[in-house]
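Contents: one structure, followed by commentary.
Chain identifiers are assigned alphabetically (A, B, ...) following the order of the sequence lines, protein sequences preceding nucleic acid strands; residue numbering begins at 1 within each chain.
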Amino acid sequence: MDVDIAMPCRKYTSASRCKQTLLFTTVQSAEIPIKTHVLPPKMKVRVRFAPSPTGFLHIGGARTALFNWLYARHTGGTFILRIEDTDAARNSLEAVSVILDGLRWLGLDWDEGPVTADATAPGKGNCGPYFQSQRTANYQRRVEALLSRGLAYQHEGAVKFKMQREPVLIKDLVVGDVIRKLTDREEADPDFVILRSDGQPMFHLVNVIDDIEMDVTHVIRGEDHLSNTAKHIALFNAFGVPPPHYAHIPLILNADGSKMSKRDKGASLTSYAADGFLPEAVVNYLCLLGWSPKDNREKLSLAETIERFDLPQILRHNARFDYEKLLWLQGEYSRSLADDRFYELAVHAFARAGMDTNKFPLAYVKAALDTCKGKFKTFQELPSYAGFYFKNEFDYNSDGVKKDFIPENKSRLQKLRDAFAGLDAFTAPNLETALKSTATDLGVKAGVLVHPCRLAATGNTAGPSLYHLLEVLGREKSLARMDRALERF
RNA sequence: GACCCUAUCGUCUAGCGGUUAGGACACUACCCUUUCACGGUAGCGGCAUGGGUUCGAUUCCCAUUAGGGUCGCCA
């Protein structure tokens with residue numbers, strides 16, 4: 001790509017699906033902003049998610065990716081993934097994999113970008129490479145052009161960009177018009193480093209150059225970049241390229257309103273997969289943070305969200321992460337899971353907890369899992385909820401022991417055991433009938449027998465339907481467990 | 001310190017000058033029920049504060065306060 005610095009390689013298509021108004025430039029006067037309106041050419045939407053491989057995908061970053069993806073899908077545009085690995089010291093294959101795996105888990109497929117975590121491997125798309133570490137020649141050439149035009153200068157071995165001192169007008173699709181003045185520190189020295197003394201280009205520079213060369217039309221990113229946008233616009237001006245449209249989305253905060261940093265629980269996207277959340281629940285929840293379909297609907301399919309999603313509906317204020325509401329959505333999606341996927345995720349959850357369900361007949365595993373479906377939220381809960389199906393030795397819930405394994409219940413449980421033992425078929429309806437008639441004979445309510453029996457069979461005070469779980473366990477195991485429990489009285 | 005953004009129930013939000021301020025999560029009752037969960041019914045609970053503008057402000061403007069962001073040879 002041998003492109004003159006003042007001639008960006010934008011390839012506008014006539015098929016535009018975005019209805020943008022006006023582009024903008026900088027404020028020329030410190031007192032009165034002068035907008036220079038430039039009608040943008042019709043263009044197909046091109047957005048990008050440009051994470052830095054830190055070994056961590058922040059939940060906020062995941063939402064930024066999601067909003068970019070949704071906008072691309074809504075407009076029929078292109079979603080680009082670009083890895084901003086200019087900080088060589090922190091790069092690693094693993095760190096890039098965390099990003100790729102995270103996006104794949106969420107289902108956010110990219111139209112252009114890396115195929116693997118290897119920076120030197122070919123990617124897909126016509127604007128590659130999509131790793132900044134592989135694009136250094138471009139940056140070098142652009143810096144030299146700035147240097148030769150007097151828009152940048154050498155300083156202590158580094159190269160600094162001559163930043164304008166006048167306020168910059170940022171027209172933001174979410175926030176509105178923002179006039180960014182210099183801070184007092186910037187007043188003292190408004191210029192900023194674009195090339196380090198070791199020759200490595202810096203974020204502001206590479207971010208802008210790649211957005212130019214990848215024909216990015218809309219920059220949708222976290223509000224933490226809003227103040228930086230003045231620098232980016234100045235850089236676009238220096239390169240003679242109209243800046244893209246900007247949409248700065250609000251940040252995600254902790255439940256207490258504090259900033260969510262890497263150390264905070266739930267800050268890493270990876271943790272949600274590890275905690276047994278469904279990606280569709282996480283995606284749905286993330287959509288609801290800072291965006292609203294405005295019709296009181298909460299649970300939305302991805303297709304519906306794509307259709308309704310647009311930039312103007314994005315809220316301007318930060319949102320706190322509400323774990324409980326995520327859990328609720330998780331429950332909603334868990335309950336409507338297709339059987340095959342449910343089994344697969346459940347077996348995986350048991351495996352993670354060190355329980356090998358493959359040692360049991362498939363029909364038994366499925367029958368066991370069927371009694372659990374819709375009764376728990378995250379798959380991480382499953383091993384403790386239903387582990388009794390796959391192990392014979394377990395402790396009894398101590399509160400349950402105090403409440404149910406009491407002397408007067410011993411003979412009752414014994415009687416129930418005998419009634420169960422006399423059943424022709426060990427089925428849920430028969431078990432229920434036997435339990436209820438035993439209760440009637442003893443002159444007690446069904447619950448008096450249910451609770452000790454459940455504790456005996458599962459070790460827990462709550463769980464799947466008692467009659468159904470006994471049927472799944474079968475006569476032999478069920479009676480053995482009741483016998484074992486009778487020893488505890 | 002400077003600059004920028006923001007402000008409706010505890011939380012996520014609807015609202016875009018006149019509403020009994022709506023919904024969801026959470027919470028509290030009650031119903032359903034073998035436990036739990038689900039489902040159903042009801043309830044609790046909000047426009048940060050002070051000035052304007054207006055016949056009338058949750059809504060528009062300003063200030064205050066509070067929260068967040070930025071001002072790196074990090075991204």
Is a side-chain donor-acceptor pair under 3.5 Å present for [Y] with [X]?
X       : Y       : value
T378(A) : D275(A) : no
H248(A) : T229(A) : yes
S261(A) : D264(A) : yes
Y396(A) : D404(A) : no
Q414(A) : S411(A) : no

When rounded to the nearest Å, what value does the distance between [atom1] atoms of [N] and [M] take?
N       : M       : atom1 : result
rC27(B) : rC9(B)  : C1'   : 12 Å
rA21(B) : rG46(B) : P     : 13 Å
rU34(B) : rA24(B) : P     : 28 Å
rG18(B) : rC61(B) : P     : 16 Å
rG40(B) : rC25(B) : P     : 9 Å
rC5(B)  : rC62(B) : P     : 11 Å
rU20(B) : rC30(B) : C1'   : 25 Å
rC12(B) : rG67(B) : P     : 16 Å

Discussion item. Can you work out whether E84(A) or W291(A) has the more 5'-proximal nearest nucleotide on RNA chain B?
Written reply: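 With E84(A) and W291(A) compared, the 5'-side residue is W291(A).
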Discussion item. Which is more 5' along RNA chain B, the nucleotide nearest D224(A) or the one nearest A255(A)? Just name the residue.
Written reply: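 Its nearest nucleotide being more 5', the pick is A255(A).
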Give the rounded distance in Å between these two atoms: [atom1] of [X] and [atom2] of [N].
X       : N       : atom1 : atom2 : result
E324(A) : rC27(B) : CD    : P     : 7 Å
L251(A) : rG69(B) : CG    : P     : 7 Å
I179(A) : rC4(B)  : CD1   : P     : 9 Å
D177(A) : rC5(B)  : CG    : C1'   : 14 Å
Y153(A) : rC73(B) : OH    : C1'   : 13 Å
D322(A) : rC27(B) : CG    : P     : 11 Å
D191(A) : rC71(B) : CG    : P     : 16 Å
R320(A) : rG69(B) : CZ    : P     : 13 Å

Describe the nucleic acid contact of [X] in one word from base, sugar-phosphate, nothing, applying a heavy-atom distance below 4.0 Å.
X       : value
S292(A) : sugar-phosphate
E187(A) : nothing
G290(A) : sugar-phosphate
H248(A) : nothing
R180(A) : sugar-phosphate
N318(A) : sugar-phosphate
E298(A) : base
L329(A) : nothing

Tabulate protein N/O versus nucleotide N/O from nucleotides 43-49 of chain B, keeping only pairs under 3.5 Å, one per line.
none

Minimum-distance nucleotide to [X] side chain [options: [options]]:
X       : options                   : result
L226(A) : rC71(B), rA14(B), rC5(B)  : rC5(B)
K181(A) : rC3(B), rA75(B), rC73(B)  : rC3(B)
M202(A) : rC73(B), rG22(B), rC12(B) : rC73(B)

Worksheet item: Would a line drawn from the ring center of H245(A) to the ring center of Y71(A) be shorter than 6.0 Å?
Response: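 When the ring centroids of H245(A) and Y71(A) are compared, they turn out to be at least 6.0 Å apart.
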Please check the phosphate of [N] (OP1 and OP2 only) for any side-chain N or O of [X] closer than 4.0 Å.
X       : N       : answer
R221(A) : rA75(B) : no
K294(A) : rG15(B) : yes
R165(A) : rC3(B)  : no
H317(A) : rU13(B) : yes
K299(A) : rA24(B) : no

[X] vs [Y] aromatic rings, parallel, tilted or perpendicular, using cut-offs 30° and 60°?
X       : Y       : answer
H155(A) : Y153(A) : perpendicular
F321(A) : Y272(A) : tilted
W291(A) : F309(A) : tilted
F342(A) : F379(A) : tilted

For [N], what is the paired nucleotide under Watson-Crick or G-U wobble rules, both distances under 3.5 Å?
N       : result
rC36(B) : none
rA29(B) : rU41(B)
rU64(B) : rA48(B)
rA24(B) : rU11(B)
rC73(B) : none
rU59(B) : none

Worksheet entry | Lys/Arg-Asp/Glu bridge criterion (N-O < 4.0 Å) met for D295(A), R308(A) |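 Yes, this pair counts.
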Discussion item. For R263(A), is the CZ atom crowded, meaning more than 12 foreign heavy atoms sit under 6.0 Å from it?
Written reply: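 Result for CZ/R263(A): open.
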Item to complete: Flag yes if more than 12 heavy atoms outside E307(A) fall under 6.0 Å of its CD atom; otherwise flag no.
Response: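 Open: at most 12 neighbouring heavy atoms sit under 6.0 Å from CD of E307(A).
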Worksheet item: Which letters describe nucleotides 30-42 of chain B, given B = protein heavy atom under 4.0 Å from base, S = only from sugar-phosphate, - = neither?
Response: ----BBBSSS---
Item to complete: May I ask you to verify whether the side chain of S227(A) and the base of rC71(B) hold a donor-acceptor pair under 3.5 Å?
Response: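 When only heavy-atom distances are counted, S227(A) does not reach the base of rC71(B) through any donor-acceptor pair under 3.5 Å.
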Worksheet entry | Nearest non-hydrogen partners of P53(A) and E84(A), listed with the distance |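 Smallest heavy-atom distance, with atoms named: CD-O, 3.5 Å.
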